[in-house]
There are 2 protein chains.
Amino acid sequence: MELSNCAKIFKALSNEQRLKIFIMLYKNCCAPEGAKVGAEFRIKNNSCCPISGTLEKAFTKICDCMKLSRSTISHHFKELQNAGLITCEREGQMYRCKVNKEAIDSIKNFLK
Amino acid sequence: MELSNCAKIFKALSNEQRLKIFIMLYKNCCAPEGAKVGAEFRIKNNSCCPISGTLEKAFTKICDCMKLSRSTISHHFKELQNAGLITCEREGQMYRCKVNKEAIDSIKNFLK
DNA sequence: GGTCTAGTTCGAATGTGTTCGAACAATAAA
DNA sequence: TTTATTGTTCGAACACATTCGAACTAGACC
């Protein structure tokens with residue numbers, strides 16, 4: 001993996017609020033079965049992953065547990081997408097969000 | 001590991017120049033035997049690790065292969081230290097530098 | 001059609017990072 | 001003791017990030 005790509009991923013995770021968002025997506029979408037999730041990351045209703053590895057209504061859920069304006073959260077989602085860490089798609093009012101495990105793996109492998 | 005500590009480490013690695021510096025220290029100090037090092041990271045003279053895991057004259061060597069002023073490089077070293085990624089000590093004119101493997105491991109474990 | 005909900009885009013304010021050169025301190029070398 | 005080397009600290013310039021509210025778009029619902 002390119003050095004610049006790696007720096008891009010690290011930059012996306014360098015902001016605490018954005019890292020929190022990412023962890024929430026990660027823990028709710030892609031964490032292995034039984035992985036513990038800290039209370040502060042617990043999403044209201046705890047409804048998770050009707051489609052395997054994909055979080056439905058991700059944006060709304062994240063908004064529910066962050067004290068940031070929706071425009072700011074939208075911005076952070078864009079940054080995470082931009083770094084290739086997540087993929088989002090809208091279908092009507094449905095906002096689906098998926099964590100790219102390959103991106104995580106490439107960070108891990110980077111400093112092998 | 002605390003979320004804020006993690007963000008701190010990611011922030012330290014989010015700048016491409018600083019990441020380059022870190023990789024150079026890492027590859028020359030702590031990379032397992034036989035690990036390949038890209039040509040762009042090769043330090044002049046290639047003299048490495050007289051003391052196991054510690055790079056002597058780290059600052060000078062990094063300066064040799066970066067197109068940045070010394071004050072800027074000094075700043076980047078400080079940031080890496082601040083994030084707990086490296087430890088540096090001076091003894092006379094000798095600048096010794098060591099990569100903290102635990103910091104690396106904690107990143108890897110963070111997204112387990 | 002009107003209205004609500006969900007998310008985006010824009011502009012602005014404020015904060016943080018990156019980089020440099022100059023001046024400095026401490027050690028080594030002459 | 002002067003001079004060179006090594007790295008730090010300071011101030012300034014500039015770039016980039018974070019955050020917000022307001023205005024907007026698109027679909028859902030009445």
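For the numbers below, each heavy atom of this structure counts, side chains included, while hydrogens, waters and symmetry mates do not. Protein chains get the first letters and strands the later ones, always in sequence-line order, with residue 1 at the start of each.
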Between the protein and nucleotides 25-27 of chain C, list the N/O to N/O atom pairs that are separated by less than 3.5 angstrom.
none

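- Qualifying side-chain contact (heavy atoms from CB on, under 4.5 Å) partners for B:Leu19, counting only residues two or more places apart in sequence or in other chains: A:Leu3, A:Cys6, A:Ala7, A:Phe10, A:Phe110, B:Leu13, B:Ile23.
- Contact between B:Ala12 and B:Leu85 at its shortest, heavy atoms only, is CB-CD1, 3.8 Å.
- Remark: C1' of D:dG7 and NZ of B:Lys61 are 16 Å apart, rounded to the nearest angstrom.
- Each salt bridge (charged side-chain N to carboxylate O under 4.0 Å, His left out) pair with one or both residues in residues 76-90 of chain A, not counting sequence neighbours, appears once here: A:Glu89-A:Arg96.
- If you take CD1 of B:Ile21 and P of C:dT18, they are 11 Å apart, rounded to a whole angstrom.
- Distance SG/B:Cys97 to OH/B:Tyr26: 14.0 Å, rounded to 0.5 Å.
- Between A:Ser71 and C:dT8 there is no side-chain polar atom (N or O) within less than 4.0 angstrom of OP1 or OP2.
- Note that CD1 of A:Ile62 is 4.5 Å distant from CG of A:Leu25, once rounded to the nearest 0.5 Å.
- Once rounded to the nearest 0.5 Å, the distance linking CD1 of B:Ile21 with NZ of B:Lys61 reads 15.0 Å.
- Summarising the geometry, the separation between CE on A:Met66 and P on C:dG7 is reported as 15 Å, rounded to the nearest angstrom.
- Considering every non-hydrogen atom in both B:Ala83 and B:Ile9, the closest pair reads O-CG1, 3.6 Å.
- Among pairs with a residue in residues 1-16 of chain B, none fulfils side-chain hydrogen bond (donor to acceptor under 3.5 Å, both in side chains), at least two apart in sequence or across chains.
- DNA chain D lies under 4.0 Å from at least one heavy atom of each of the following residues of residues 73-88 of chain B: B:Ser74, B:Lys78.
- A straight line from NZ of B:Lys67 to P of C:dC20 spans 12 Å, rounded to a whole angstrom.
- For B:Glu102, the side-chain contact (heavy atoms from CB on, under 4.5 Å) partners at least two apart in sequence or on another chain are B:Asn100.
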Going by atom type alone, with no hydrogens or angles, which donor-acceptor pairs under 3.5 Å involve a side-chain atom of residues 65-77 of chain A and a protein atom two or more places apart or on another chain?
{"from": "A:Ser69", "atom 1": "OG", "to": "A:Ser71", "atom 2": "OG", "distance (Å)": "3.1"}
{"from": "A:Ser69", "atom 1": "OG", "to": "A:Thr72", "atom 2": "N", "distance (Å)": "3.3"}
{"from": "A:Ser69", "atom 1": "OG", "to": "A:Thr72", "atom 2": "OG1", "distance (Å)": "2.9"}
{"from": "A:His76", "atom 1": "ND1", "to": "A:Arg18", "atom 2": "NH1", "distance (Å)": "3.2"}

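- The interatomic distance linking B:Arg70 (CZ) with C:dA23 (P) rounds to 15 Å, in whole Å.
- Contact check for B:Ile86 versus B:Cys88: side-chain heavy atoms found under the 4.5 Å cut-off.
- Taking atom CZ of A:Arg96 as the reference point, atom P of D:dG27 lies 16 Å away to the nearest angstrom.
- For the pair B:Leu68 CG and D:dT6 C1', the interatomic distance rounds to 17 Å; values are reported in whole Å.
- Between the CZ atom of A:Phe59 and the C1' atom of D:dG27 there is a distance of 16 Å, rounded to whole Å.
- When the side-chain nitrogen and oxygen atoms of A:Thr60 are compared with OP1 and OP2 of C:dG7, one or more of them lie within a distance under 4.0 Å.
- Distances shorter than 4.0 Å separate some side-chain N or O of B:Ser69 from OP1 or OP2 on C:dC20.
- Annotation: proximity of residues 9-19 of chain B to DNA chain C (heavy atom, distance under 4.0 Å) is found for B:Lys11, B:Asn15, B:Gln17, B:Arg18, numbered in ascending order.
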